[in-house]
2 protein chains.
Amino acid sequence: MAVNKIPEKKSQRREAARQSLREEILAASRDIITQEGFAALTMRKLAERIGYSPATLYLHFRNRDEIAHAVSRTGYADLLKTLSSITEKDRGKPADRLRSLAKAYVRFGLENPQTYALIFMEDPAYLAAVFAEPAEDDPAAACYSLMLAATGDLLAAGMRPPKAGKPARAVTAVELTESLWASMHGIVSLKLTCPAFPTAPADLLTEVLIETMLRGLSAATAKK
Amino acid sequence: MAVNKIPEKKSQRREAARQSLREEILAASRDIITQEGFAALTMRKLAERIGYSPATLYLHFRNRDEIAHAVSRTGYADLLKTLSSITEKDRGKPADRLRSLAKAYVRFGLENPQTYALIFMEDPAYLAAVFAEPAEDDPAAACYSLMLAATGDLLAAGMRPPKAGKPARAVTAVELTESLWASMHGIVSLKLTCPAFPTAPADLLTEVLIETMLRGLSAATAKK
DNA sequence: AGTATAAACTGAACACTGTTTAGTGAACAT
DNA sequence: ATGTTCACTAAACAGTGTTCAGTTTATACT
């Protein structure tokens, strides 16, 4: 029947245009989200900004959530960049690295409120998907690995974590990482949804948290 | 002119009916929210459930947010009831009381997900209002006082909190309370928005958090 | 009693939202 | 030149919160 006589050249052009428009949609979405928040990302507004009709958006994305999903990915990539810039330059003690990481995490949240709100508070499907079937190249998974490595190093440096669970046993690096992460997330998310509530500034709360926990972890070991 | 000939009796009846309908609206709202979440609380659905037209709702509440606000209040009252049931019966050491409070807080969030999401994640205006001009009888403010008292007792019992801030100084009870609260909130809110992410169960994370922090606070004091 | 007045209530509309579908026009492959 | 495929859009659908003119009902006064 029909012989595919190398239609790749032309198809490539089409495909390139497709990708280009797709990226344009995502760029506009990022703009709107970072400026006005995820709720302000309406399909009509987005379509108008890129000069197409709303229906066109559905030729490139299944629905609004899929756009959020794609934007989330770059959000996690941004977070990863922030965190890895810490681990790369900080070659000091594990405790100091964790301190820096915590501060950087919270600062990222406060400096990119709309992005943080999207990836951790409004698009839970992304995180859920990552932990449902872990992908190697996912930026969110990379963030997790990075944090896990930091607490792992801390424990390996001779810390004695408290016991927990039933029956009581030593806390694992995973549990410690997730406790820390959740705590940092609490500081950020609370500040983002209600700037008035934690009356103390976020960076101070972070310091209190990390210092107290570090002391709690090193309590059993000899000082200095 | 017209003499107001004691129209109070009749007015009272009217007023009673008004209040009754108002309460009916709120009861229906609570039902919908606890069952389907705040997003499912639409004015039309709410109106239909109580047998009135949507426009009637606006005779009793300025808008949907005001309904959320009223429902939030009872949500905080519920939380307060949970927390104060702890402080009343627990006459043990401050550390144990704080342990119980933390567990109860997290449990409340997980057992009343829609309510928790409403009062801490979807209706920030309420908390903002409380901390803008503190009202004595507000249940949210009472929750705060309760937690503050617990950490205050803990510090008074001889704990030596770590130093923080610039210049470094001893952490205050307020800062410690808010750090703890934010951390617990992080555990709850993360679990609610994404059950998959903190892979460890919430109560275990809570235990890790509270045990580590307690050790961090008592690190400088003699053991036992 | 009847009547004036005030309160309660509603139908219908407005301006939005995400999403679908039928139909048009242009670019491509043969 | 023709048949096919792809890109695109206007219009509609079913929702949303909210407003307002108009109607019904209950109260107040003579």
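Here the structure is a predicted model, which is why all the values come from computation and not from measurement.
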Under a 4.0 Å threshold between the charged nitrogen and the carboxylate oxygen, would A/Glu207 count as salt-bridged to A/Lys103?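 A salt bridge is absent here (no side-chain N lies under 4.0 Å from a carboxylate O).
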Does the distance from a Lys or Arg side-chain N to an Asp or Glu carboxylate O, for A/Asp203 and A/Lys191, drop under 4.0 Å? no
Less than 4.0 angstrom between a side-chain N/O of B/Arg64 and OP1 or OP2 of D/dG17, yes or no?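 Looking at the OP1 and OP2 atoms of D/dG17, one of them is under 4.0 Å from a side-chain N or O of B/Arg64.
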On the nucleotide C/dT10, are OP1 or OP2 found under 4.0 Å from the side-chain N or O atoms that B/Thr56 carries?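 Answer yes for this pair, as a side-chain N or O of B/Thr56 is under 4.0 Å from OP1 or OP2.
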By the 4.0 Å heavy-atom rule, please label [X] as base, sugar-phosphate, or nothing.
X       : value
A/Leu57 : nothing
A/Leu46 : nothing
B/Leu41 : sugar-phosphate
B/Thr42 : sugar-phosphate

Separation of [N] [atom2] from [X] [atom1] (nearest whole Å):
X       : N      : atom1 : atom2 : value
B/Phe61 : D/dG17 : CZ    : C1'   : 16 Å
B/Asn63 : D/dT19 : CG    : C1'   : 13 Å
A/His60 : C/dT20 : NE2   : P     : 16 Å

A/Tyr116 and A/Tyr105 aromatic ring geometry - parallel, tilted or perpendicular at 30°/60° bounds: perpendicular
Picking from B/Phe38, B/Tyr126, B/Tyr76, what satisfies ring pair (Phe, Tyr, Trp, His ring centres under 6.0 Å) with B/Phe120?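 Result for ring pair (Phe, Tyr, Trp, His ring centres under 6.0 Å) with B/Phe120: B/Tyr76.
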Looking at C/dG18, does its base get a donor-acceptor pair with the side chain of A/Arg44 below 3.5 Å?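 When only heavy-atom distances are counted, A/Arg44 does reach the base of C/dG18 through a donor-acceptor pair under 3.5 Å.
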